[in-house]
Amino acid sequence: MRAITISEAGGPEVLNWSEVPEPELGPGEVLVDVAATAVNRADILQRRGYYPPPAGASEYPGLECSGTIAEMAEDVTGWRIGDEVCALLSGGGYAEKVAVPAVQLLPVPGEVELLSAAALPEVACTVWSNVVMGARLTDGEVILVHGGAGGVGTHAIQVAKALGTTVAVTAGDATRLERCGQLGADILINYREQDFVSEIKDATGGADVILDLMGAAYVDRNISALRTGGRLAIIGMQGGRKGEVDIGRMLGKRATILATTLRARPVAEKGEIVSEVREHLWPLVEQGTVAPVVHEVYPLPDAADAHNALDDGGVFGKILLAAHSYD
């Protein structure tokens with residue numbers, strides 16, 4: 001088979017379309033013929049040499065995919081050869097085939113096309129595990145989503161609105177903010193021109209939950225933006241990994257900081273998250289209340305072009321890589 005390999009740490013030019021061995025199935029795994037995968041920030045970091053795959057995971061990038069089950073280990077139940085699925089991966093999505101634990105599979109939901117389903121697993125599991133399972137966002141609360149125009153952000157807006165909450169988002173320009181509003185965001189904050197702390201406090205008195213991908217650069221202001229009893233869920237470090245926290249202010253607000261990653265979790269934990277997503281979130285996708293947001297689709301061999309697009313900014317939602325849209 002063929003896959004995107006990384007020749008060395010560097011820019012998009014280090015991504016190569018290469019002949020590689022087919023994956024071997026382990027117990028509890030299925031082999032998926034990949035229809036599409038998605039480009040995530042983690043793939044960019046892996047390409048640059050900052051985010052190697054966990055032990056035992058595929059060395060190829062790609063944290064999610066959609067496709068068709070081609071083969072199953074003998075102990076796998078509940079699925080059949082030919083089922084159309086999407087999957088949460090620890091790596092390996094940038095390939096024509098990938099082996100994945102069956103507990104990390106999801107059926108392609110409702111009227112969602114097989115190609116577009118590749119945009120769902122990573123964001124769905126990230127948002128649900130952090131916003132709902134971790135931060136316990138509930139009806140009537142206020143959530144602030146940083147990076148509202150990104151893959152996670154566009155999904156979080158829809159999920160939070162479906163839960164009956166008030167949604168505030170940050171983004172860097174008016175056009176992207178307008179599109180966030182079309183997805184359901186109530187409060188639109190241009191982080192280049194406005195102070196999100198004062199904006200969220202003026203509008204709502206503060207946020208009950210903040211979903212943050214910036215890390216250190218925002219941690220102090222995020223705490224300021226929380227209401228009493230607020231929960232800050234940190235899922236990224238785009239603004240650095242080390243920052244000072246005012247413990248006194250946290251004590252006064254009875255605030256909580258959650259910091260999680262998804263990729264390196266044990267298979268059993270990922271399986272629990274996928275199960276929760278299938279039970280509680282998938283019905284919303286099947287109804288069309290929550291939908292994949294796809295910015296553009298590239299052929300998988302052109303992964304370097306897709307990485308350039310994400311590096312350049314301006315992407316709204318997810319970039320997909322189609323495994324079979326080329327000669």
request  = In sequence, state the C-alpha distance, the side-chain angles, and the governing distance for V132 and E276, and then conclude on side-chain contact (heavy atoms from CB on, under 4.5 Å).
outcome  = CA-CA 10 Å; V132 180; E276 288 281 321; over 6 Å; no
Backbone of [Y] reached by a side-chain donor or acceptor of [X] within 3.5 Å:
X: S18; Y: V20; result: no
X: E96; Y: R2; result: yes
X: E29; Y: G26; result: yes
X: S129; Y: C125; result: yes
X: R265; Y: T261; result: yes
X: R227; Y: K253; result: no
X: H295; Y: F316; result: yes
X: D302; Y: D305; result: no
X: T204; Y: I200; result: yes

task = Tell me, with the steps shown, if V85 and V32 meet side-chain contact (heavy atoms from CB on, under 4.5 Å).
result = CA-CA 8 Å; V85 296; V32 175; 4.2 Å; yes
key: Which residues share a side chain to side chain donor-acceptor pair (under 3.5 Å) with R47, sequence neighbours left out   =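 Side chain to side chain donor-acceptor pair (under 3.5 Å) check on R47 returns H307, D311.
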ask   = Can you name the residues that form a side chain to side chain donor-acceptor pair (under 3.5 Å) with D220, not counting sequence neighbours?
value =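 Side chain to side chain donor-acceptor pair (under 3.5 Å) check on D220 returns R249.
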Looking only at heavy atoms, what is the nearest atom pair of [X] and [Y], with distance?
X: C86; Y: V108; value: N-CG2, 4.3 Å
X: G181; Y: L188; value: N-CD2, 3.9 Å
X: C65; Y: V98; value: SG-CG1, 3.9 Å
X: I319; Y: L310; value: CD1-N, 4.1 Å

Considering only distance and modelled atom types, tabulate donor-acceptor pairs under 3.5 Å from the side chains of residues 229-238, sequence neighbours left out.
from	atom 1	to	atom 2	distance (Å)
R231	NE	A135	O	2.8
R231	NH1	E141	OE2	3.4
R231	NH1	G229	O	3.3
R231	NH2	A135	O	3.0
R231	NH2	R136	O	3.3
R231	NH2	E141	OE1	2.9
R231	NH2	E141	OE2	3.3

query = What's the verdict on side-chain contact (heavy atoms from CB on, under 4.5 Å) for I273 and W128, showing C-alpha distance, side-chain angles and the deciding distance?
reply = CA-CA 8 Å; I273 293 169; W128 197 262; 5.6 Å; no
Donor-acceptor list for residues 66-79 side chains, cut-off 3.5 Å, not counting sequence neighbours:
from	atom 1	to	atom 2	distance (Å)
S66	OG	L114	O	2.7
D75	OD1	G28	N	2.9
D75	OD2	G28	N	3.1

task = Decide yes or no on side-chain contact (heavy atoms from CB on, under 4.5 Å) for R192 and D173, but give the supporting numbers first.
result = CA-CA 8 Å; R192 300 183 191 277; D173 62 68; 5.6 Å; no
Side-chain donor-acceptor pairs under 3.5 Å in residues 36-46, sequence neighbours left out?
from	atom 1	to	atom 2	distance (Å)
T37	OG1	E64	O	2.6
N40	OD1	K318	NZ	3.4
N40	ND2	E64	OE2	2.9
D43	OD1	G62	N	3.4
D43	OD2	N40	N	2.9
D43	OD2	Y94	OH	2.8
Q46	OE1	R263	NH1	3.4
Q46	OE1	R263	NH2	2.8
Q46	NE2	E59	O	3.1

Quiz: residues 148-165 side-chain donor-acceptor pairs under 3.5 angstrom, not counting sequence neighbours:
from	atom 1	to	atom 2	distance (Å)
T154	OG1	G150	O	2.8
T154	OG1	G151	O	3.1
Q158	OE1	A291	N	2.8
Q158	NE2	T154	O	3.1
Q158	NE2	A291	O	3.0
K161	NZ	T165	O	3.4
K161	NZ	D186	OD1	3.2
K161	NZ	D186	OD2	3.0
T165	OG1	A160	O	2.8

ask   = Is the count of non-hydrogen atoms from other residues, nucleotides or ligands lying under 6.0 Å from E269 atom CD greater than 12?
value =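 Yes, because the 6.0 Å sphere around CD of E269 holds more than 12 heavy atoms from other groups.
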